[in-house]
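Here's the structure, in structure tokens; my notes come after.
Owing to the predicted nature of the structure, the values given are computational and were not obtained by experimental measurement.
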Amino acid sequence: MLNVSIVIYKHVFSEAEQLIQSLLKSDIINKIYIIDNSPTPNCDFNISGLTYIFTGKNLGYGAAHNIALRKSVKNDILYHLVVNPDILLETGTLKTIVDFMDENTDIGHVMPKVVYPNGEIQYLCKLLPTPADLIFRRFLPAKWTKKSMERFEMRNSDYDKIMDVPYLSGCCMFLRTEALKKSGLFDERFFLYPEDIDLTRRIRKHYRTVFYPHVSVVHHHARSSYKSFRMMLIHVWNLIKYFNKWGWIFDKERREVNGEIVRS
């Protein structure tokens, strides 16, 4: 019924242990894939209940998840969970989301409520971004962009209701594999960061993409591009590729989708 993939890079087992133990307790999971992009294999992840795949090189986030996603699509597994190793979730969360998607077959992608370890909500429901949304967010003081960021992050919704969202975070993506057959998998041109924007908006062409606040997960959210100059350059370069694909100023779909969401 459900496959799960976790991509790791130079992780120690303890960093993902709580997530893995929760997943192993679930009776609705078919396979749990650990895709390891590290330069050397880690035998700690090669344990009973996990399918460990060592790539031998850093393929990037989307390309590594695609290894497992192709298996789910090929084997007609109904759902696939793409999840970060720093996510914590209760075993029952998965069953609740499965039941919700079973009842709503027009939904192709669900993201639960995501919170910090202290319980504070992470505002990960977003409109399709303009270059200004992402550039201002990254380089300008927060007080200068507060109003535009609140709109971009859909904060007027209070994150307390089920809602259709055109850009859902890649940290916890609950995907219907039939939707992936129509939309395609992660675009492997993106090494890191905008692959979740790209996939969500492609799925949305065929299915609803939905925020589901009635269950939550904890995300430690490292925000590595804010701490590393190299990761910042990777972030910026991949955003350039994203806007080259979808449009910088002239993106008719972005204008129409965002207008529809804001009016709803």
Side-chain angles (χ1 to χ4, degrees), residues 1-7 19 22-23 26-35 51 53 61-84 87 89-114 124-128 154 159 161-188 190 194-217 219 246 253 257 260-261 264:
M1 176 180 287
L2 170 67
N3 281 352
V4 181
S5 57
I6 305 168
V7 171
L19 170 62
S22 293
L23 296 174
S26 174
D27 58 4
I28 64 171
I29 292 178
N30 177 53
K31 285 192 176 181
I32 304 169
Y33 293 97
I34 305 294
I35 316 297
T51 300
I53 300 174
Y61 184 84
H65 275 295
N66 279 350
I67 294 172
L69 286 169
R70 289 189 186 98
K71 296 179 186 296
S72 292
V73 170
K74 179 181 178 181
N75 295 318
D76 291 320
I77 302 300
L78 192 57
Y79 302 117
H80 188 110
L81 174 65
V82 167
V83 63
N84 281 10
I87 289 283
L89 55 80
E90 299 293 333
T91 302
T93 297
L94 301 179
K95 181 63 166 58
T96 301
I97 297 177
V98 164
D99 290 344
F100 175 67
M101 293 190 78
D102 283 347
E103 294 167 3
N104 297 273
T105 57
D106 60 336
I107 295 176
H109 172 14
V110 167
M111 184 188 75
K113 182 182 289 187
V114 182
L124 301 181
C125 297
K126 297 170 185 172
L127 300 176
L128 294 179
M154 301 176 62
Y159 281 62
K161 62 184 179 181
I162 295 172
M163 57 184 177
D164 290 79
V165 178
Y167 164 21
L168 295 165
S169 170
C171 70
C172 188
M173 307 177 78
F174 206 105
L175 305 167
R176 187 184 301 274
T177 54
E178 279 297 324
L180 297 174
K181 290 178 182 179
K182 293 183 179 180
S183 68
L185 307 182
F186 283 113
D187 186 334
E188 297 185 9
F190 305 125
E195 65 280 292
D196 50 359
I197 315 173
D198 177 81
L199 182 58
T200 306
R201 71 183 291 177
R202 282 190 283 116
I203 291 174
R204 192 182 182 279
K205 292 177 182 291
H206 308 284
Y207 288 84
R208 293 171 62 201
T209 53
V210 169
F211 170 67
Y212 184 72
H214 301 314
V215 293
S216 62
V217 300
H219 182 208
W246 290 100
E253 180 183 302
V257 168
E260 177 185 331
I261 295 296
S264 63

*Could you pull out the closest heavy-atom pair between Met154 and Pro166, with the gap in Å?*
SD-CD, 4.4 Å
*Answer whether the closest heavy-atom distance between the side chains of Leu180 and Leu199 falls below 4.5 Å.*
yes
*Under 4.5 Å between any side-chain heavy atoms of Lys181 and Val73, yes or no?*
yes
*Let me see the working for Cys171 and Val114 under side chain to side chain contact (heavy atoms under 4.5 Å, CB included), right down to the final yes or no.*
CA-CA 9 Å; Cys171 70; Val114 182; 4.2 Å; yes
_4.5 Å side-chain heavy-atom contact, Thr177 and Leu69_ = no
*So how far is it from Ile77 CD1 to Lys71 NZ, rounded to the nearest 0.5 Å?*
12.0 Å
*Does the side chain of Ser183 come under 3.5 Å of the side chain of His206 through a donor N or O and an acceptor N or O?*
no
*Return the minimal non-hydrogen interatomic distance between Val165 and Thr209, and the atom names on each side.*
O-OG1, 2.5 Å
_Separation of Phe174 CZ from Leu2 CG (nearest 0.5 Å)_ = 4.5 Å
_Within this structure, what is the CZ-CG distance for the pair Arg70 and Asn75, rounded to the nearest 0.5 Å?_
13.5 Å
*asked:* For the CD1 atom of Ile87 and the CD1 atom of Ile6, what is their distance to the nearest 0.5 Å?
replied: 10.5 Å
*Rounded to the nearest 0.5 Å, how far does CD1 of Ile34 lie from OG1 of Thr51?*
9.0 Å
*Flag side-chain contact, heavy atom, 4.5 Å: Arg204 against Thr200*: no
_Polar side-chain atom of Arg176 near backbone of Ile107 as donor-acceptor pair, under 3.5 Å_ = yes
*Measure the shortest side-chain to side-chain distance between Phe100 and Val110 over non-hydrogen atoms and say whether it is less than 4.5 angstrom.*
yes
*Under 3.5 Å, is there a donor-acceptor pair between the side chain of Thr91 and the main chain of Ser22?*
yes
_Min side-chain heavy-atom separation Met163-Cys125 under 4.5 Å_ = yes
*I would like to know whether Thr96 and Tyr212 meet side chain to side chain contact (heavy atoms under 4.5 Å, CB included); could you show each step before the answer?*
CA-CA 10 Å; Thr96 301; Tyr212 184 72; 3.8 Å; yes
_Please determine whether the number of non-hydrogen atoms from other residues, nucleotides or ligands lying under 6.0 Å from atom CD of Glu188 exceeds 12._
yes
*Write down the atom of Ala179, the atom of Gly108, and the distance for their closest heavy-atom approach.*
CB-CA, 3.9 Å
_Checking Val98 against Met1 for the side chain to side chain contact (heavy atoms under 4.5 Å, CB included) test, could you report, in this order, the C-alpha distance in whole Å, the side-chain angles of both residues, the deciding distance, and whether it holds?_
CA-CA 9 Å; Val98 164; Met1 176 180 287; 3.6 Å; yes
*Would you say the side chain of Tyr167 lies within less than 4.5 Å of the side chain of Ile261, judging by non-hydrogen atoms?*
no
*Walk me through it: do Leu168 and Met173 pass the test side chain to side chain contact (heavy atoms under 4.5 Å, CB included)?*
CA-CA 8 Å; Leu168 295 165; Met173 307 177 78; 6.0 Å; no
_Sole residue of Val82, Asp196, Ile35, Asn66 in side chain to side chain contact (heavy atoms under 4.5 Å, CB included) with Tyr61_ = Val82
*Under the 3.5 angstrom rule, does the side chain of Asn3 hit a backbone N or O of Lys31 as a donor-acceptor pair?*
yes
*Side-chain donor-acceptor pair under 3.5 Å between Tyr79 and Asp102, yes or no?*
yes
*What is the minimum heavy-atom distance between His219 and Asn84, and which atoms define it?*
NE2-ND2, 3.8 Å
*asked:* Does any part of the side chain of Phe211, heavy atoms only, come nearer than 4.5 Å to the side chain of Lys113, both counted from C-beta?
replied: yes
*Measure the CG-SG distance between Leu19 and Cys172 for me, rounded to the nearest 0.5 Å.*
9.0 Å
